[in-house]
Amino acid sequence: MLEFYKRTILVVSILFLLSGFIVFEFFYQSKRQTLLLPAEQSDIPWRAVISSDRDDGGRSTYSVKESSYNIDYDFWLHDGLQYPYVSFATRFTQLGVSAPVDNHVDLSSYTNVKFKIKCNAANILMFTVYAFDEQVSKFDDLLTYRIPSVYFACDRTWTEVQIDLHNLETPEWWLRKHANLASRIYSLKQTASFTFGNSVQSPLLTDSNVAIDNLVLESQSWAKVALGVFLLLITWGVFIFWVFKHYAKALTADVQSRLQKDIPLIAYQQLSIESHKDKERAALLKYMVTEYHNPHLDLETVSQHVAINKSKVNEILKEEIGLTFNTYLNKLRLTEAARLLTENNDMNIAEVAFSVGYNNASYFNRLFKNEYGCAPKAFKSLKLNQDSADH
């Protein structure tokens, strides 16, 4: 069995390495990132559009800082309107045209948008997607586009924000105006832009700044993930099958080895008592070999029958076999039980236990497992399976 355990540990170590490779290749590598910053190198072309409530008669102001690598703008919210606003939009455009032409982009395959953000002063901002709704939207009117959104906090330290693109909420005022409050499903197949804007909890009459860096879209290849799961299941399934198959063989071989070792030691079938010059010893060994199946056999009974005191019985057994009375008796019984389980398929476990001197099958099961490393039923099954395989 020791050799089997060594091989199993080696195989498990190799499998963990293989599983680590599969997890990295098919789970971690299944995530793809689409860079949006710097804008000139963006995988999806876009142009910056910043707007404020001045278009609605408000007095909020903004200014964009020139930067090739990030988004950086200042703004100042005036309290002249009920809902003052300043928003920065990434308006998607067509690729390969001299002048920017607004375009729709399919973002349905993307799972998240990630970015680093810093705000001064601390702020609660809103991320909004402008998604075309076939039931409501008009291509030339962004105000009719569905606007699923989410709020997030930022402060003076750089913070990484990850937003689930498929778990945004459409504002109730938009639903009341264009659809109904139960219409929560939205599609990102035709997305015009997404924006970063203030919220009703943004500070008013305060010099504010927003800086955004490392803006990326993340997608997940679910086919690759499914393939990874399939490979892991196949790999570990084959390993489990291998373990059961080789464990059965190793355990059977181990039990057979113990039997071969015990039978000559105990010699319960062909004990040569003539070789014992000491009649007391010969009588003791012969009596135990012939009466071990008696369930009432104990040290007292043996001592009385062979007319040897109990302490000397143990002394003789220790000298002859190296075992105490109880250990030797159990050895006799269990060795015979293993032989019966091996050679007699018609006997059940209880019958075997009773035939070798055990009235309690549970006690027999426990002793057998301690001796041979498996329960009698498992040993019998292993032997039957081995015989079937041999034929």
Side-chain angles (χ1 to χ4, degrees), residues 19-39 41-48 69-71 87-95 102-118 124-135 137 142 145-154 158-171 174-175 179 182-197 199 210-233:
S19 297
F21 170 77
I22 292 175
V23 168
F24 176 80
E25 183 64 28
F26 292 91
F27 290 82
Y28 181 78
Q29 294 287 66
S30 67
K31 286 187 176 182
R32 181 172 62 89
Q33 289 192 337
T34 299
L35 303 178
L36 296 179
L37 284 174
Q41 301 174 21
S42 173
D43 296 328
I44 301 176
W46 60 275
R47 65 186 180 93
Y69 298 97
N70 61 8
I71 297 169
S87 66
F88 184 100
T90 60
R91 187 74 58 82
F92 299 120
T93 60
Q94 290 186 16
L95 185 65
D102 291 341
N103 187 31
H104 290 115
V105 175
D106 185 359
L107 299 183
S108 59
S109 63
Y110 292 97
T111 56
N112 304 306
V113 58
K114 287 174 60 176
F115 52 89
K116 288 185 177 180
I117 190 166
K118 179 173 66 173
I124 302 295
L125 298 181
M126 180 169 61
F127 175 86
T128 302
V129 174
Y130 280 75
F132 186 83
D133 188 311
E134 293 184 352
Q135 304 297 322
S137 304
L142 277 179
Y145 279 50
R146 185 180 283 264
I147 51 172
S149 312
V150 67
Y151 296 99
F152 62 93
C154 62
W158 284 104
T159 304
E160 184 172 272
V161 177
Q162 177 171 299
I163 292 173
D164 184 350
L165 289 172
H166 298 278
N167 196 28
L168 305 175
E169 290 289 337
T170 303
W174 190 95
L175 293 174
S183 178
R184 300 288 177 173
I185 300 175
Y186 59 90
S187 171
L188 299 178
K189 288 186 176 181
Q190 298 185 78
T191 305
S193 70
F194 52 75
T195 67
F196 300 91
S199 69
V210 172
I212 299 172
D213 200 0
N214 295 343
L215 180 61
V216 297
L217 291 166
E218 285 189 337
S219 62
Q220 182 89 49
S221 175
W222 295 112
K224 203 168 186 179
V225 171
L227 180 59
V229 171
F230 175 75
L231 289 176
L232 284 175
L233 291 176

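Keep in mind that the numbers below use all heavy atoms, side chains included, and drop hydrogens, waters and symmetry copies.
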Check: [Y] and [X] side chains under 4.5 Å, non-hydrogen atoms:
{"X": "F194", "Y": "T128", "answer": "no"}
{"X": "L188", "Y": "V129", "answer": "yes"}
{"X": "L217", "Y": "I44", "answer": "yes"}
{"X": "I71", "Y": "V210", "answer": "no"}
{"X": "T34", "Y": "S219", "answer": "no"}

Who pairs with [X] by side-chain contact (heavy atoms from CB on, under 4.5 Å), at least two apart in sequence or on another chain?
{"X": "R47", "value": "V49, R91, T93, P100, D102"}
{"X": "I124", "value": "Y151, A153, S199, Q201"}
{"X": "E134", "value": "F132, Q190"}
{"X": "N167", "value": "D164"}

Those residues that, when tested against F196, pass ring-ring contact (aromatic ring centres under 6.0 Å, His included) (two or more places apart): F115, F127

Could you work out, with ring-ring contact (aromatic ring centres under 6.0 Å, His included) as the rule, every residue matching W174, not counting sequence neighbours? H178

For [X], check side-chain hydrogen bond (donor to acceptor under 3.5 Å, both in side chains) against everything at least two apart and list the hits.
{"X": "H104", "answer": "Y145"}
{"X": "Q33", "answer": "E218"}
{"X": "D43", "answer": "none"}
{"X": "D133", "answer": "R146"}

Looking only at heavy atoms, what is the nearest atom pair of [X] and [Y], with distance?
{"X": "T195", "Y": "A89", "value": "CG2-CB, 3.3 Å"}
{"X": "Y110", "Y": "H166", "value": "O-NE2, 2.7 Å"}
{"X": "K118", "Y": "W158", "value": "NZ-NE1, 3.7 Å"}

Heavy-atom count check: over 12 atoms from other residues, nucleotides or ligands less than 6.0 Å from L233 CG? yes

Which distance, rounded to the nearest 0.5 Å, do you find between the [atom1] of [X] and the [atom2] of [Y]?
{"X": "F21", "Y": "L231", "atom1": "CZ", "atom2": "CG", "result": "9.5 Å"}
{"X": "L107", "Y": "S187", "atom1": "CG", "atom2": "OG", "result": "10.0 Å"}
{"X": "L232", "Y": "L227", "atom1": "CG", "atom2": "CG", "result": "9.5 Å"}

N/O donor-acceptor pair under 3.5 Å between [X] side chain and [Y] backbone:
{"X": "T191", "Y": "A131", "value": "no"}
{"X": "Y186", "Y": "L168", "value": "yes"}
{"X": "D106", "Y": "S108", "value": "yes"}

Identified side-chain contact (heavy atoms from CB on, under 4.5 Å) partner of C154 from the options I212, I117, T159: I117

